[in-house]
Amino acid sequence: MSTPAASPRDFIRTTVAEDVQSGRHGSCVVTRFPPEPNGHLHIGHAKSMCLNFGLAGEYATGQCHLRFDDTNPCKEALEYVESIQEDIRWLGFDWNGQLFFASDNFEQLYQYAVFLIKKDKAYVDSLSAEEIKAHRGTLTHPGIESPDRTRSIDDNLELFARMRAGEFDDGQYVLRAKIDMGSPNINMRDPTLYRIRHVTHHRTGQQWCLYPTYDFAHPLSDSIEGITHSLCTLEFEDHRPLYNWVLKECDVACHSQQIEFARLNLNYTVMSKRKLSALVTAGHVTGWDDPRLPTLKGLRRRGYTSASIRTFCERIGVAKRDSIVEMAQLEHAIREDLNLQAPRAMAVLRPLRVIIDNYPDDQVEELEAVNNPEDPRMGSRKIPFSKVLYIEQEDFREQPHKKFFRLAPGQEVRLRYAYIIQCVNVIKDSETGNIIEVHCTYDPSTRSGQSQSTRKVKGTLHWVSTAHALEATIRLYDSLFLKANPNEDSDGTDYLECLNPQSLVTLSDSRVEPSLAYALPGARFQFERQGYFCVDSVDTLPNKLVFNRTVPLRDTWAKIEKTL
RNA sequence: UGGGGGAUCGUCUAAGGGUAGGACGUCAGAUUCUGGUUCUGACUGUGAGGGUUCGAAUCCUUCUCCCCCAGCCA
């Protein structure tokens, strides 16, 4: 029916391939991505999507559903439903119209509950939340049964109907599975199946006042949709007996198979919705789309391509071991992608004035610059060169180390796509001692592209012409946290206490080459010798360019400098 | 000290009785009008002890460490 994947890359794909081979689940592969619409998606969800959509896509008849797990109206909202779909599409996945909501099955779920009551496998309990907790026992001691556990089937049926009819207050009754209060697995100690919530649901409105729990709704939703492989994270491992219990006792036709894998952790950031939400709410970041966040919206605004995120997810693999992936892995993926795609441009982040003493005062030359050395098809552009330029402040040192291959008194460098210049003088502020400008002379015979221009110099600098450059705001992003694992609380420090105060550095006096004047929001560039940047899609105005640094270029010099 | 999982280079991840491989990273070279890219080379690993075997990361055994679970969250 389906064609097995060429060669399984992980234990889940191996299992699925075996199932297809053996005819299990009718040799079908149907997965699902089941977000709860109570927050925005992050790169951890991307891993799950790459697995679920990716795996289904490896089989001719494979299918991956999008299912909103909207069983708790207290925290969920329509806004998230729309935003999540947008993020999934952006990441490059398509549910082919297979859009489901757990709430669409509320009636059917209710009937399953009635079925369980009739089988004496579920009962209505009047115990309060605190009492249930007290009856549950502990990790090492069994629980004790609720007095209501022996209520008659008819009474349970009537009470459950009245719960639905809205006759009771929140918390007055719950429906519980009748399993085993002595089970060593706490999830099997008569778990709650339904609770009363007199709140408006974002899809079903006032239609219901009792809602199924995850443990009841999830397996049945999987079964109703015909999901063959229900992939979830490790913390649900000990819910699997309950998952199977529900499907077995409900006597369903399709018994989905739950398989667990380790969730994604990235160092120097946090991944839990709770923590992400707290960062947003407390104002430590500007919103869910803050470029410092590992949310899909944040990464997109930061300049990450969806392809790079997918590549990253494929490379980190899928396994059961708890792990923390290094951010360098993600950064490698985006550099690799952008190196091939992003047009180059010159931008001076922290400008230092350079005057070419022997260059004619009013002369302007249009110099040719290639748009991407990795891809000749991207062509070239003209860049204006004149007597007064800006270079990067850090590209000049008055007293350079011998390995500093940049501009210094008496030293020569090439200006990219232009001439070799030599520093002849340094002008300083008489009071502060700060360097105001640097004077140089140029060698007219060294113009780029000319036959005599083969002369070698140690360094090449990027630059812009002061008269032609555009002003721009440039935001340099760094990791949000100073600690590799902000989650570990061993020394008592809360994750909010290791926030990186330098996670955002805004440069408001940067200059970029004039060709960037009409750069569109979201457009990505490599600023030569600096890194990859994108035009901010929120704060950029027609005459006010704002760039976000996606990731810096690898910086060998910075490493050398550290060891000096 | 109940139950459920897990332990392989610094980090992810393969190999399931037969040479421990890949990616990221790091280091060293080469190339380079980006200290980028690219290329070459090197680097470091089977949690510990016993056992079975010609041969063990893999099988058996004892131990150690780590993660998850006591929501009417998912």
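Here is the naming used below: chain letters follow the sequence lines, and residue numbers restart at 1 for every chain.
- Contact annotation for A:Ile324: backbone-only contact, meaning every heavy-atom pair under 4.0 Å involves sugar-phosphate atoms and none involves a base.
- Distance from the side chain of A:Phe405 is smallest for B:G35 among the nucleotides B:G35, B:C72, B:U13.
- Within the nucleic acid shown, A:Asn267 has no heavy atom closer than 4.0 Å to any nucleic acid atom.
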*Spell out protein contact along nucleotides 63-68 of chain B as letters: B when the base is contacted, S when just the sugar-phosphate is, - when no protein heavy atom is under 4.0 Å; keep the 5' to 3' order.*
----SB
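- Salt-bridge check for A:Glu561 with A:Arg397: passed, with a basic side-chain N closer than 4.0 Å to an acidic carboxylate O.
- Within 4.0 Å of A:Leu461, counting heavy atoms only, lies no atom of the nucleic acid at all.
- A stacking contact between A:Tyr214 and B:A74 is absent: the pair does not combine a ring-centre distance of less than 5.5 Å to the base's six-membered ring with planes differing by less than 30°.
- Both key distances under 3.5 Å define a Watson-Crick or G-U pair, and stretches of 3 or more such consecutive pairs in RNA chain B run B:2-7 with B:64-69, B:10-13 with B:21-24, B:25-30 with B:38-43, B:47-51 with B:59-63.
- Within residues 371-382 of chain A, the residues having any heavy atom under 4.0 Å from RNA chain B are, by residue number, A:Pro373, A:Glu374.
- Comparing B:A74, B:G3, B:G5 against the side chain of A:Lys320 picks out B:G5 as the nearest.
- As judged by a 4.0 angstrom heavy-atom cut-off over every strand, A:Arg554 is placed among residues touching the sugar-phosphate backbone only.
- Relative to the ring axis of A:Tyr110, A:Arg164 places its NZ or CZ within 45° and under 6.0 Å from the centre.
- The base of B:G36 is not paired with the side chain of A:Gln526 by any donor and acceptor separated by under 3.5 Å.
- For A:Pro147, the side chain to side chain contact (heavy atoms under 4.5 Å, CB included) partners two or more places apart in sequence, or in a different chain, are A:Leu127, A:His135.
- Scanning atom types as modelled, no donor and acceptor separated by under 3.5 angstrom connect the side chain of A:His135 and the base of B:A70.
- Identified under the side chain to side chain donor-acceptor pair (under 3.5 Å) test for residues 308-326 of chain A, with sequence neighbours left out: A:Arg9-A:Glu314, A:Glu237-A:Lys320, A:Thr305-A:Ser308, A:Ser306-A:Arg310, A:Arg315-A:Glu336.
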Show the distances under 3.5 angstrom between N or O atoms of the protein and N or O atoms of nucleotides 40-45 of chain B.
none

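- Within the 4.0 angstrom heavy-atom criterion, only backbone atoms of the sugar-phosphate kind lie near A:Val318; the bases stay farther away.
- Using a 4.0 Å heavy-atom criterion, one finds that A:Lys458 contacts no nucleic acid atom at all.
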